[in-house]
**Q** 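Here it is, the structure, as structure tokens.
For the numbers below, each heavy atom of this structure counts, side chains included, while hydrogens, waters and symmetry mates do not. To find a chain, count down the sequence lines: A is the first, B the second, and so on, and within it residues start at 1.
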Amino acid sequence: MLGLLIQNARLAAEGGVGKTQVAVRVARGRIVELAPNLTPNPGESVIDANEQLLMPGVVDMKTFAADHEAAIAGGVTTLAIHPRKSRVQDRPSVIASLRKGAAPNQVNVEPIGAATKALEGTDLAEIGLMKAAGAVGFANGRRAISDATVLLRLMRYAQSLDTLIYQHAEEPSLTHGAVATEGETAQRMGLPAAPAFAEAMMIARDLRLVRETGCRYHVGLVTTAEAIDLIRTAKAEGLPVSAATAPAYFLLNDIAVNDYRTFLHLSPPLREESDRQAVIGAIADGTIDAIVSDHDPRTAEEKRLPFEESIAGMVGLETLLPLTLKLYHSGAVPDLSRLIDALTRAPADLIQSAAGRIEVGAPADLILVDLNRSWRIDSDKLASAAKNTGFDKLPVEGRVELVVAGGHILLNRHAST
Amino acid sequence: MIETSTPTKPKAEGKPVNQRGRSLAGVHPFPYKHLLGITGLHPHEIEYLLNEAEDYIDLMRADEPQPRYLAGLTQINLFFENSTRTLMSFDIAGQRLGASTINVPVSSSSIRKGETLLDTALTLNAMHPDILIVRHSSSGAVQLLAEKVDCAVINAGDGRHEHPTQALLDALTIRRRKGKIEGLVVAICGDIANSRVARSNAILLTTMGAEVRLIAPPTLMPTADLGYRTFTDMRTGLEGADVVMMLRLQRERMAGSFVPSEREYFELHGLTEEKLRCAKDDCLVMHPGPMNRGVEIATTIADDISRSAIQEQVEMGVAVRMAMLDILTRELRGAAF
């Protein structure tokens, strides 16, 4: 394979795109050279970045489907595929087959194993064998591991393997049957609802187990101010705790489900405005380490139902980056480098991946972004088969122009090649 | 741009979701295609519906043949949730106006067997009914169905959301007994958190200028502040009340899940002679039925027609439903407004 040279790019800095010119040379799937200026080698493909933002490909540490086309369209070059009811992935053979799936025109797949057998929350799955087969973390779908004994044993076990345990932080004895957050909107609409503190309750208990075991514990989606405070305190204490959130929780509040919009039926459900603000603050200060797509393709049949009968979940791979950039463009999180970090290096470190960084020797997973390019999300034009986005017709800024994964160009909308 | 005070709210595709049909504003005193809820109705529109219903009471009571305005029209009563009273009331209302009424008891028909609500809607739509009366156990389900059919739809109760004809018939009952609604103190008592009757009534009565109080044990009270005065003590809540509306408490909620027992509920939250004395002397007692005698209401009160309007509510129900059937089919029939 011949090499690739990207010239005249800019890297993210605290207040936006940096001023210094950057060139990156890629060969054999790795970044081999990094300098302000590089001279093209004979036979090397050269891309002039036109001073656009060069960043590592997005590392999405929580998606439910290996939707490669959607990932490429969204600049996501690493997918951590979570187990779900219809594909529990609780055996090493399944992990191994997911792992070797990536073809040259596909992005990297990092499997997340089921933490408990059949995701039932009662018996430990073979996490040692699954880790050996390539699992980079363990999760339990959209069901919390609620039994304290099971979680304690799981954490002790996982700690010895130095692997990450994801929790779906909703106390099930409070959230059973609920499709919304308790509050005025749910009451007015007559929707079964659970108190928002169901999230903090579960995390508070889990943190005691983390203190006991030293297990690397990750809140898959954090959505409330109260839970964020707990995580912030735990981090200050030095506990190995991390957290992620998804764009819906920093762009929308529960008022958005007015009119029974089932595309916004999510798990956890949307929260009140003060929680949304707290999520933004926690992204800015790093309490929330990562931003994930929580990509969950659902068919029209699963969504065109009365709200409480519809299935929770939203697609998100293609919209993850532009929706996150809304925080930068609106001034809510002016530090562009923190947002990029939350999409790349922070999640990569949590799943112990070498991706997510622009360094000599790192995997050549790179994207170019036209940061100020405006466009409109259009559900009909999504690359994924499922169209269940709650952000249809929303104007966004920032478009992915070039996607390189493992040194291969997977997408090139860039004008001057 | 992201708004920091109001969340980004992308528009849903196609028709606005909360629509009640095309706007006939300025032409029709009730400019809506459907009756999906009380939310959003203006006082003058509610007033108009009550006045129209009033005419039907006179007609029903007079010993004359009823006008067969709906002759030749098909009314389908699609009840996904069991009901006897409301179904009968709509059926009688339709038949009195000359409509061909068809009752689809979904719980025992093939519709329930795997067919989705929207498929049912499309199937029914292809049969060209003129008006659909729908009850469903999920909040918002009637609105969802209304978006997919061409004819007018009346919500006969959706989940915990709304039951608009019940609120209208209750308002009509109050207005006839008290001569007005504005300024009255109305106490709604019982399973407020899960009741569509409570929700529609509270919205309607507040819109019409009454003071609504909610009385319930804490487990059956909404946790969100909806702007009403709330009481867990029934005696305090009933002080000075002009009207007390008792709600039916589902028996499965009384075995320890929401309240400890039936007898404890009756003791603390059932309407007794003694508690009723806290209200005004001429306090009107209402209940949407069917009653759990000795659980939420004492038999002596329920049967005292000088205080209880429970039988009258049933009669008002037919009148309100006749009026709604008439109003929502006028455009179709080319009738004057």
**Q** Which one of Leu117(B), Leu118(B), Thr116(B) satisfies the side-chain contact (heavy atoms from CB on, under 4.5 Å) criterion with Arg304(A)?
**A**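 Option passing the side-chain contact (heavy atoms from CB on, under 4.5 Å) with Arg304(A): Leu118(B).
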
**Q** Considering only heavy atoms from C-beta outward, does the side chain of His136(B) approach that of Glu309(A) to under 4.5 Å?
**A**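 Side-chain contact under 4.5 Å: yes.
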
**Q** Enter the distance from Phe307(A):CZ to Gln143(B):CD here, rounded to the nearest 0.5 Å.
**A**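 Here the rounded value is 12.5 Å.
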
**Q** Check salt bridge (Lys or Arg N to Asp or Glu O under 4.0 Å) between Arg142(A) and all other residues, then give those that pass, not counting sequence neighbours.
**A**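 If we apply the salt bridge (Lys or Arg N to Asp or Glu O under 4.0 Å) test to Arg142(A), skipping adjacent residues, the hits are Asp294(A), Asp296(A).
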
**Q** At under 4.5 Å between heavy atoms, what parts of residues 173-188 of chain A are in contact with chain B? List them by residue number.
**A**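 Interface residues of residues 173-188 of chain A: Glu182(A), Gly183(A), Glu184(A), Gln187(A), Arg188(A).
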
**Q** Grab the two heavy atoms, one from Leu144(B) and one from Leu305(A), that are nearest each other, plus how far apart they are.
**A**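 Leu144(B) and Leu305(A) have their closest heavy atoms at CD2-C, 3.4 Å.
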
**Q** Side chain, backbone, both or neither: which part of Pro192(A) has a non-hydrogen atom closer than 4.5 Å to chain B?
**A**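 For Pro192(A), backbone and side chain are both near chain B.
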
**Q** Determine the minimum heavy-atom distance between Ser139(B) and Glu308(A), stating which atoms define it.
**A**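 That closest heavy-atom pairing would be N-OE2, 3.0 Å.
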
